[in-house]
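To start, the structure under review is shown below, and the notes come after it.
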Amino acid sequence: MSRATVASAMNREIIESTYQQWRLDPSSVDPSWSFFFEGFEAGLAAMATPALAAVSQAAKLAHPSQADGSGAPRDYLGISRLIRRYRDLGHLVADLNPLQPAPDKNSPLLALEQFNLSTDDLDRQFDCSEFFGMGQAPLRGLVAALQETYCGTIGVEFTHLQDPEMRRWLAERMEVRRNQGDFTRERKIAVLTQLLAAERFEDFLHRKFIGQKRFSLEGGEALIPLLDSFIASCPAMGVGEVVLGMAHRGRLNVLVNTMGKPFEDVFAEFEENYDPSTIGGDGDVKYHLGYSNDRVYGNGTVHLTLTPNPSHLEAVNPVVEGRVRAKQMRITDRERKKVLPLLIHGDAAFAGQGIVAETLNLSGLPGYTTGGTVHLVINNQIGFTTVPADARSTFHCTDMAKIIQAPIFHVNGDDPEACAYLAELAIEFRQTFKRDVVIDIVCYRKYGHNEGDEPAFTQPVMYGNIRQRPTPPALYASRLEAAGVIGPDLLGKLSEEVEARLQAALDKERGGGINYKGMPGFEGTWKGMTNRFSFDPAPTSLPLDVLEKVAVGISRFPESFQPNPKVRDLLANRTKAILEDKPFDWGAAEMYAFGSLVLEGTRIRVSGQDCRRGTFSHRHAVIYDARDGHSYCPLEHLSSDQERFKVYDSLLSEAAVLGFEFGYSLDAPDSLVIWEAQFGDFANGAQSIIDQFIVASESKWKRDSGLVMLLPHGYEGQGPEHSSARLERFLQLCAEENIQVVYPTTPAQLFHLLRRQVKRNFRKPVVVMSPKSLLRHKMVTSTRADLLQGGFQEILDDPRQVDPSRVRRLLICSGKVFYDLHEERDRRKLDDVAILRLEQIYPLREARLAELLAKYRHAATIAWVQEESQNMGAWFFIEPRLRAMGVNIQYVGRDASASPATGVKKVHEKEQKEVVEHALTGSITHLVRANAPKAKAGESSQGRELAAAKGN
């Protein structure tokens with residue numbers, strides 16, 4: 001043996017000895033060694049590398065007498081690697097798929113030869129203490145335990161977790177009991193009963209309501225005993241409320257068998273056996289509806305809330321998270337253990353929908369965490385007709401959850417006991433570590449995407465298999481019967497009992513024995529509220545002493561705190577504006593509104609990208625010490641008995657964050673909840689949240705919201721993507737007084753608007769076209785007198801004292817363009833032009849508008865002026881309403897265009913000048929976007945057709 005070989009062997013022996021010492025007591029070795037071994041354990045996915053083989057070979061050289069004896073270093077290293085390989089990769093050969101035979105456990109990945117072991121070693125004794133619950137044992141026993149734990153009907157992915165304590169905790173919990181629950185005979189029968197209830201309910205619907213969609217749970221019935229096990233575990237784990245979110249697959253089954261919704265109500269929805277006028281809106285299909293109920297278990301009561309959801313599958317995820325956060329806030333659940341979110345996903349949606357990743361990314365953020373979400377995936381192994389190979393680039397559909405270090409349990413849906421056991425393990429993990437956890441129920445879908453779809457067109461082999469196999473309840477019953485747990489007659493008896501209950505409920509519903517009114521609304525925290533909009537004024541003005549208290553507080557910070565000098569001066573000026581009665585701007589008015597509300601007992605939550613400072617550096621709600629960067633929020637320290645003010649810079653997401661804030665507002669009607677977009681047009685990244693939830697939830701589900709959306713809007717030459725908040729889209733969505741769309745133009749208007757939002761006895765979402773350049777415009781100021789009296793004005797009259805009888809040209813506009821018109825009118829000294837501002841475009845206060853139109857009845861020309869293109873902005877919304885009022889309104893603005901705005905500053909300035917010129921004088925008859933395509937002879941573009949109709 002060469003000197004180098006001996007030295008190498010000695011070095012490896014030292015490493016091996018130190019490693020064993022570290023395993024016994026990590027603090028007993030040098031921190032550098034501890035760091036090294038942590039990395040070694042975290043990286044054991046790359047086991048059986050040449051380096052490790054060299055360690056083993058060195059051990060043989062150093063201990064030739066122990067080469068074949070138990071307890072040798074090489075033996076321990078091989079055993080350790082074997083255990084870790086199963087922990088890491090056992091899920092790849094687990095028996096997870098009910099539609100396929102169990103994989104061969106003799107996978108090359110797990111072959112003993114990979115670990116310098118062989119079949120000759122199976123009956124030898126080894127130190128197996130690294131596997132929890134095992135000491136000295138034969139290799140055969142260890143392999144059996146590993147396969148039972150990690151390669152049975154449960155497969156686990158947890159070695160990607162970077163926290164050693166989490167990995168240790170999971171390994172111990174699973175290995176000691178071999179990843180199996182301890183089920184008594186009574187509980188096994190209960191599981192069978194739940195499976196059967198799920199199956200018979202679906203079968204009953206299939207027979208009684210032929211051809212109707214229900215998005216059956218059949219094939220995935222194990223979800224029901226899993227949920228029951230989960231909820232039954234809640235009281236002992238300190239959970240008093242669970243908020244659920246799920247798509248339509250299996251939703252009806254969850255509603256009746258988990259939530260406790262009466263069968264009769266579901267049957268009434270199938271038969272539409274009720275007066276539609278009683279549901280309080282347009283309603284929704286039965287498999288989108290939500291429900292709330294208390295479920296009583298032996299050791300406590302759990303309140304369950306299933307959040308209504310549209311067909312946009314995963315869109316409900318952030319809404320649920322927001323609701324949970326609000327509920328936790330309401331009961332001061334600082335540890336986030338009393339209210340828990342549970343999301344039920346589909347396999348294709350979990351892998352394919354971007355909002356899943358966005359919502360997962362919320363989980364660890366201070367402003368959005370809910371203390372961990374339990375995720376259940378109903379893995380049908382298909383998405384509509386799309387197979388996994390076409391739907392994702394990963395082996396498992398749940399790999400996305402690894403981005404947040406969530407443990408993932410895969411389970412065969414034909415093993416309901418394993419499903420129920422994992423529910424208990426999942427909630428225990430969540431409550432212990434406050435982290436997300438995923439259970440992937442690998443099952444199947446008995447029918448197509450819906451019951452009228454033929455899946456054999458695209459998956460003939462899969463569905464040939466499904467149609468030949470026994471149902472999950474039948475399979476489980478046969479296993480119980482074979483084990484002597486039940487007799488041969490129990491399954492039939494239980495089936496008859498379920499059928500009798502279902503039939504009795506149907507007879508009652510058809511006999512008129514119920515009074516179905518759809519989803520209940522305005523209960524709990526909403527009690528006393530109404531859904532009726534009113535223009536009645538709200539008490540939004542303030543006494544001077546309160547206003548002064550706010551003004552002083554917003555510029556006060558600890559003596560040791562050193563803010564940036566510019567920020568310090570800005571805050572000081574906001575204080576002086578009130579104390580010395582000077583003009584103030586938009587940012588100051590916002591602070592006064594926030595401060596006054598928290599002093600009056602209203603919680604405030606503001607969230608959005610960069611909203612602590614504000615995209616345009618106008619807010620500065622949170623300030624930072626110029627020396628060390630620590631933060632301070634003056635609005636949190638106005639008074640010892642004030643309510644909470646929280647402002648959060650969000651992750652770079654629109655859909656998940658807006659969905660979260662909407663969900664929060666559903667359970668916090670007494671709070672002011674604000675989402676601010678970085679630029680207004682960024683809201684289009686959350687369009688499904690806007691369309692499916694914010695504007696329609698009242699009509700569909702009797703769920704109102706007081707959410708405020710601040711969307712910076714205004715044409716200032718910043719290009720197509722930073723000009724328009726797409727005002728026209730929100731106006732198109734307006735109906736039945738579902739939302740409010742406002743475009744305030746003074747700081748005082750914003751002040752009263754924000755306070756009005758929580759001072760009325762109803763809540764409606766408000767979409768605010770908020771300013772950019774107007775934040776610092778010299779004319780856009782208010783004084784304290786504007787806050788000490790009055791309120792929000794839906795329409796503002798001309799601020800100039802013009803003689804109405806002299807007005808020959810009346811301009812009606814909204815937003816920033818008013819100041820362009822006002823300045824140019826003053827410059828030209830025009831006294832025959834009056835300008836009205838619609839500050840609230842919807843609901844439109846027609847009575848007030850009619851008063852002002854009558855005031856300026858001598859005007860020969862009435863024109864609507866906007867800076868947006870003709871096919872955008874408010875023109876298409878306002879024109880028919882004014883025409884219905886008898887107003888012959890003209891259009892003044894940019895021509896129709898495909899893009900919201902030009903990207904050339906000079907072109908923008910030219911267009912803006914022409915809009916103002918034509919509005920004030922009528923001298924320009926037609927505005928065409930510079931460089932726009934010209935119509936050929938004999939043809940007219942859409943824009944020219946629209947412009948030609950401007951006088952109609």
Side-chain angles (χ1 to χ4, degrees), residues 190 193-218 221 223-224 227-228 231 244 246 248-297 301-309 450-452 473 492-524 526-527 531 698-703:
T193 303
Q194 292 156 4
L195 284 176
L196 202 57
E199 181 203 55
R200 301 319 299 162
F201 173 72
E202 298 288 1
D203 181 72
F204 190 84
L205 295 179
H206 195 67
R207 289 184 282 111
K208 300 297 183 179
F209 307 106
I210 297 171
Q212 290 208 45
K213 294 180 182 179
R214 68 179 192 280
F215 298 98
S216 163
L217 183 61
E218 289 164 285
E221 290 95 336
L223 174 69
I224 300 305
L227 288 172
D228 184 79
I231 297 164
L244 295 89
M246 68 181 298
H248 39 274
R249 175 73 55 212
R251 190 182 190 93
L252 294 178
N253 218 305
V254 170
L255 279 166
V256 297
N257 286 312
T258 301
M259 303 295 299
K261 182 174 182 176
F263 293 135
E264 298 90 330
D265 284 2
V266 176
F267 298 155
E269 291 162 357
F270 269 95
E271 298 194 308
E272 298 184 354
N273 186 16
Y274 55 87
D275 180 359
S277 65
T278 64
I279 63 176
D282 292 324
D284 202 348
V285 293
K286 48 196 165 290
Y287 39 79
H288 289 171
L289 299 177
Y291 195 74
S292 294
N293 198 10
D294 287 337
R295 296 299 305 270
V296 180
Y297 289 86
T301 299
V302 183
H303 184 71
L304 304 178
T305 299
L306 177 61
T307 303
N309 188 38
N450 61 66
E451 288 66 36
K493 180 184 176 182
L494 292 175
S495 296
E496 291 173 2
E497 292 175 356
V498 175
E499 180 77 16
R501 290 198 301 270
L502 291 165
Q503 187 61 52
L506 182 60
D507 293 342
K508 180 180 178 182
E509 181 267 328
R510 288 179 172 174
I514 68 167
N515 183 24
Y516 179 79
K517 293 184 179 180
M519 287 180 62
F522 298 99
E523 297 179 343
W526 286 85
K527 196 168 185 178
N531 65 345
E698 180 186 308
S699 181
K700 294 192 294 187
W701 309 315
K702 296 183 186 175
R703 293 296 180 267

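The structure presented is a predicted model; accordingly, all values stated were derived computationally and were not measured.
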Hey, does Phe267 have a side-chain heavy atom less than 4.5 Å from the side chain of Leu502?
yes
Using 30° and 60° as the class limits, which term best fits the ring planes of Phe201 and Phe263: parallel, tilted or perpendicular?
parallel
Any chance you could measure Lys517, atom NZ, to Lys702, atom NZ, to the nearest 0.5 Å?
8.0 Å
Indicate yes or no for a side-chain donor-acceptor contact from Glu451 to the backbone of His206 under 3.5 Å, with no hydrogens or angles considered.
no
With sequence neighbours excluded, residues passing side chain to side chain donor-acceptor pair (under 3.5 Å) with Glu271
Arg510
Residues forming a side chain to side chain contact (heavy atoms under 4.5 Å, CB included) with Glu698, sequence neighbours excluded
Asn531, Asp704, Lys764
With a 3.5 Å distance limit and no angle check, can you tell me whether Asn450 reaches the backbone of Lys213 through a side-chain donor-acceptor pair?
no
Output the distance between atom CG (Leu289) and atom OG1 (Thr307), rounded to the nearest 0.5 Å.
12.5 Å
Asn293 side chain to Met259 main-chain N or O, any donor-acceptor pair under 3.5 Å?
yes
Measure across Asn257 and Ala198 and return the closest heavy-atom pair with its distance rounded to 0.1 Å.
ND2-CA, 3.7 Å
Close side-chain approach of Glu269 to Tyr516, heavy-atom, < 4.5 Å
yes
Distance check, rounded to the nearest 0.5 Å: Asn515 atom CG versus Asp265 atom CG?
9.5 Å
Indicate whether any N or O donor in one side chain lies under 3.5 Å from an N or O acceptor in the other, for Asp282 and Ser699.
yes
For Gln503, does the CD atom sit with more than 12 other heavy atoms under 6.0 Å from it, leaving out its own atoms?
yes
Heavy-atom closest pair (Arg295 atom, Gly260 atom, distance to 0.1 Å) is NH1-N, 4.1 Å
Is there side-chain contact between Phe204 and Arg207, with at least one heavy-atom pair below 4.5 Å?
yes
Report the C-alpha separation of Ile224 and Leu217 in whole Å, then their side-chain angles, then the decisive distance to 0.1 Å, and conclude whether the side chain to side chain contact (heavy atoms under 4.5 Å, CB included) test is met.
CA-CA 9 Å; Ile224 300 305; Leu217 183 61; 3.8 Å; yes
How many angstroms lie between atom CD of Glu499 and atom CG of Leu196, to the nearest 0.5 angstrom?
10.5 Å
Quick check for you: to the nearest 0.5 Å, what is the distance between Leu244 atom CG and Ile231 atom CD1?
6.5 Å
Rounded distance [0.5 Å steps], CG in Asp507 versus CD in Glu264
10.0 Å
Hey, are the side chains of Leu306 and Arg251 touching, using non-hydrogen atoms and a 4.5 Å cut-off?
yes
Would you say the side-chain atoms of Ser216 pair up with the backbone N or O of Glu202, donor to acceptor, closer than 3.5 Å?
no
Contacts of Lys700 that satisfy side chain to side chain donor-acceptor pair (under 3.5 Å) - sequence neighbours left out:
none
List the steps and the verdict of side chain to side chain contact (heavy atoms under 4.5 Å, CB included) for Phe209 and Leu506.
CA-CA 11 Å; Phe209 307 106; Leu506 182 60; 3.9 Å; yes
Would you call Asn309 and Met246 a side-chain contact if the rule is heavy atoms closer than 4.5 Å?
no
Residue pair Phe270 / Leu252, side-chain heavy-atom distance below 4.5 Å:
yes
